[in-house]
Structure formats: structure tokens, C-alpha cells
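Here is the structure we will look at, set down as C-alpha cells.
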Amino acid sequence: MSETTNNTGNDSVNPNRESLDFVRQIVADDCASGKWKGRVATRFPPEPNGYLHIGHAKSIVLNSSIAQEFGGTFNLRFDDTNPVKEEDEYVQSIMGDVKWLGADWQDRLFFGSEYFQQMYDWAVELIKKGKAYVDDLNAEQIREYRGTLTSPGKPSPYRDRTAEENLDLFERMKNGEFANGEKVLRAKIDVESNNLNMRDPVMYRILHAEHHRTGDKWCIYPMYDWAHGLEDSLEGITHSICTLEFENHRPLYDWFLDNLDGVHHPQQIEFARLNLTYTVMSKRKLLQLVTEKHVNGWDDPRMPTISGMRRRGYSPECIRSFCKTVGVAKFNSTVDVALLEHCVRAELNKTSSRYMAVLDPVKVVITNYPEGQVEYLDAVNNPEDPAAGTRQVPFGREIYIERNDFMEDAPKKFFRLSPGREVRLRYAYFVTCQDVVKDDAGNILEIHCTYDPATRGGDSPDGRKVKGTIHWVSVAENVKAQVRSYSHLFAVPDPENVEDGKTFLDNIDKDSLKVIDGVYLEPALGKLEVGTRVQFERLGYYCVDLDSTPEKPVYNLTINLRDTWAKAQKKM
RNA sequence: UGGGGAAUAGUGUAACGGCAGCACUAAUGACUCUGACUCAUUCAGUCUAGGUUCGAAUCCUAGUUCCCCAGCCA
């Protein structure tokens, strides 16, 4: 933290202040005022009941980077207060995802369940103060007594039990004397409050269930509202950052902490969750996509999950830079997925090595090139990063090029191969198309070219220019592979916006996955490790998939390169 | 019909009573051994109506629209 201006006079604005989002502004102000003695402590508190997605990443990056920027600490805490929904499998995947994203909790890994005894003791404190009571009403009755949005609730007949009776009942709840649903512990606040969360909220329910960490030690479990503030308090959190739907819960968060003696009281701050075009983000819908097999698991590269994006080839830096670009505010917005894709391209452009691959091959024979000759040509690995060095690519008399890099009756604006036209084979030679060989049906079998030996490496000594440069792979030396090409899972920007009788599933794009076999790769692409991110020149960014083997490499399309030529063609 | 929030180019986000700015998208051009990258240019905005003020996106009043809340989920 820097020495921040103290508001001594009537000039309350620091003219040198950087533009901060509203959350950082609060943190900065607190640091300036010494509210928390200069301390900043944040946390990411997932419930281990599913996989993390890009929306969670926004929260992870927000919390961890605020801690970092203000010299504070960042905790990872599992909010595991509902044993029937939670599993260790999720704990493991969440830890993996958070770590992968680069959010470092160091030795501060916590579980809400570690605090169950302390929470119980605090509940006893509230009972003794006459601020909590055991209720025998069942769930349906509680709902009826609660009233509605526009009408007040009414007190439970059990609301005025004595502290002694409540203490006894609560202990017996803990000891397992009652069945699920038979009794609950409720806070005694205000059954007529305009805020339904304050109408004597349930603090504990009875759940005879196996907890993934505490086993059968407990059969009463704290509700979110009771547990969450206590967890934050115990960990010394200063800024408890959560999403907008908890705004209505803040009075309750504060009430619990205000009514306990001598506890640390963090500030809850709410921000808008992330929405993205062309996808869905709710846990329920994501789960449905997986269980109904509309996608191939949680880590399907079309999923907005962290694991899906990782498999897709997004790097942690891609996601972090995206989260920072979208900013944080209280406006319920939907970010254009194009912004995510921009961040991915920008990051991958800087970091990924270039290679040549031909997805839709057609054979080219260079008729004046010596038969049987092979030479190895130098290729630059990454023009954005000289340190990436060079490699050698085998060249021969027969090569594959992309089918759409050739056109028989080409318009003037077509800069690629066409009868009579000269182009550059990347890192190799200038070639000129002389002839086209077709089958009886008129399909192109081979393209015959001649090359200019003087242009070896791709430069002509006479200063002659060509307009086009195309990529290629040697017929004699290559690796055959599979490529999985992805587009947005949904065909429309807002998949959840459906007419009556339809669901978001009807908006799935059935062609969002295309498996392409018979792809030719330059040899170096056959030796890369799973997860390696590369650029196929002139095509896009790709990465080695989990299913890849040395015998049969599999590459995922991460994101295509921008293609102004394709765009121009669509308009014609 | 209750309460709590939010509204700034197509999208996201700044501007803290003093020149409405940035990024993405789109379009155009330059450059180019990737029709990529990069660079340049352009299109485009304060929810509405009043008021306060020399001056309002910002303050006030009224309205409009959107989001959240009636789990023993988080």
C-alpha cells in the first residue's frame, strides 16, 4: 500500500488516483482510513458441488489479485455445509482449477466444516441471549408462516420457548435424537421484516448424512447465512466479495456478526456475476449438458468450465487477462464472447510456436524438382519471440496444400495458387501453377507446378514479389493426425432466451464439433506433449488433446486466426 | 401490490460538479514470407421528463425499464 492522501480538508479527492473499480476503491479507501489497520484479506469460497466455470474465474482473479495488489492475503475456502450435495471429487477439481489459474492460497486452505464446533458454540451463545430458538414447525409450515413478498409473516408458536428449553432441544438435535426435518434452529429477528431473509431465518437443519470430511460426526448442519459470515470472521477476512444475489442477505450477514460478542466483522461487497454470449453459465444447465451427453463431459472444449477451456487450449494468462478486461461493476451484463476470444488470440500470439498443418489436403507435384530429393528448410518458430528459435522442415517434390488455397477460375483478389500464378511456399520456394489433373467427375487430383530454385528459403534474388504465401506439408515426411474443430456450443448469442415450449437445448449447434481425420502435420507436430499450445500457420491456434498418442496425434482447435479473406468471400 | 439493487456507443467498462475516454466488435487503408500480428483512420453513447448550478453522466424530484428475494440450497 502506498501512502494514500488522508482527507484532512474539504478536498476529498486524490487527483493522482488511478481509475479503480468500485471494489478496489472500497479496499483502497479502507487502507487509507486504516479501517482494518492496513490489512487486506480476501477469499474464494466455493461449495464443492460442481465444476468451476469462467464466472468463478472472474471471482478468483478478482479476489486473488486484490490481495496481491494491496499486499494482502487470499484464502481458498470450501463452503461445505451441505453434505448431501458435496463430494471430495469436486474439492479436488476445484483445487486443481484454482491452482492452474495461478491464484495462490499458499498455506491458507480451509473448510467451513472445520469450524462446525465453533459455530455450534456461537449458536448456543445466541440461544442464551434469547436470539435463537428451536422450532418444531415443518418446512411447509415455516413457508406458510413466513408470509409473502407483499404480506408480513407471523410468529411460530414455538418462538417464545425459554432459553433453557432451547438449549436442551438444540443439544438433543446435535445428539441425533430427532429425525431429518423434525426441528430447526432459527434466529429470532423480525417475522414482519420487508426482507424475507430476516424473517427468523433457519440457522441449523437436521441432516443425517455422511459428510465428505466430517463423516457422521455431525447430524445438524449450519445454513449458508449462519455459516458464511462466521467463516469469514474466523479467517479474519476484511472484504467478503460475493455476487449480487446476496445483496438481500447482507443485513443478515451483519446481524449475526453484530449479535455475537467480540467477533471480527468483515464487510460484504457484492458485484455482478459474469455472463457470456453463446453459452450458458448456470450449474444446473451445465450439469444437464453433461448428463444428457450433449457434450463429452465437464472438460469438453466447448464448455465454459475452467477444465473445458484448459483442454481447449486457453492458457491461465488468457483467462486472467480476460477477467481483468471485463472489469467489475454492479450492472448485470453479458460480455461478448468475442472479447474472450480476443484475449485468447492476443496471449497465444505472443507465446505459441508456429507450425504447418494441412487440414483439407490436395496434392501438389513440383514437376521440375528432382525426384527423390529431400531438403530441410529453416523455419522461424515464433516471429513475436526471437528466443523461440528456428526449426527445420522437410521439403520434397510432392507436397500437400490446403484445398481452398487453390482456385481454378480465380478472381483478381485471390492471392493464392491458380493456373499461371506464382505464390510462395512458406519458408521454401516460389512456385507457379502449370496444370491441373482431374478425375472423370472433374475432381482435382493433383496440381502441377514448377518452382524457381533461386528462391530457396522464400526470397527471390531479383526482387520479384508474390502476393500470396501458402503453407504446405511434405508428402514424403509428415504425420497423419486428427483435428477436432470447435465452434460455439450454441447457435445463438442468448441461448436461454427461448419461445414457449422450447428450452436452451434447442439452441445447441449440432455442428459445433467437427472431427477431421486425415490431417497432415509437419513432423515436429508429432512429438509434442499433451497440452502443448501451437499455432498452425494461417489457420489458428491448436493444442495437443488428452486423447493424443504418438501413433495418432489429436489436436484441438483453440481459436481460429482472424480471417479477413473468408469474411470478404462471404460478402461476395 | 412489499423490499433490495442497477441503467454511459452494438458489447464491456471509465469519467468522484469542469473537454464523455478506453477496450472489444464492425468498416476502411498501410505494412506483411501467416489475407495473422502491428499501425492508422472511421462509425457509434450518458434511460425519460423536469429542476438546482456559470457548468450535470455525476446533485435533487418524478417516472420508465431490467435484475434479485417467499430453500430445512449456496
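Residue numbers start from 1 in every chain, and the chains themselves are labelled A, B, ... in the order their sequence lines are given, proteins ahead of strands.
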> Run the side-chain hydrogen bond (donor to acceptor under 3.5 Å, both in side chains) check on Asn382(A) and Lys350(A) step by step: do they pass?
Replying inline: CA-CA 8 Å; Asn382(A) 185 353; Lys350(A) 287 189 289 186; over 6 Å; no

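Under the 3.5 Å distance criterion, with hydrogens and angles disregarded, a donor-acceptor pair is assigned to the side chains of Asp225(A) and His249(A).
The side chain of Arg562(A) sits closest to A26(B) out of C24(B), G4(B), A26(B). Of the candidate nucleotides G12(B), A27(B), G35(B), G12(B) has the atom lying nearest to any side-chain atom of Val335(A). Of the candidates U34(B), G5(B), U25(B), U34(B) carries the atom nearest the Leu561(A) side chain, counting heavy atoms from C-beta on. Here U8(B) is the nucleotide among G5(B), A23(B), U8(B) with the atom lying nearest to any side-chain atom of Phe331(A).
Here Tyr555(A) and Tyr542(A) keep their ring centres 6.0 angstrom or further from each other. The ring of Phe322(A) has its center no closer than 6.0 angstrom to the ring center of Tyr314(A). For Tyr429(A) and Phe395(A), the ring centers sit closer than 6.0 Å to each other.
Residue-level contact check: Phe414(A) touches the bases, meaning some heavy atom is under 4.0 Å from a base atom. If you check every strand for non-hydrogen atoms under 4.0 Å, Glu341(A) touches nothing.
If you take CG of Asp385(A) and P of A36(B), they are 21 Å apart, rounded to a whole angstrom.
Stems are defined here as 3 or more consecutive Watson-Crick or G-U wobble pairs with pairing distances under 3.5 Å; those involving RNA chain B are B:2-7 with B:64-69, B:10-13 with B:21-24, B:26-30 with B:38-42, B:47-51 with B:59-63.
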> Tell me, for nucleotides 68-74 of chain B in 5' to 3' order, what letter each nucleotide earns: B for a base near a protein heavy atom under 4.0 Å, S for only sugar-phosphate near one, - for neither?
Replying inline: BBBSBBB

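Between Thr325(A) and C24(B) there is no side-chain N or O to OP1 or OP2 distance below 4.0 Å.
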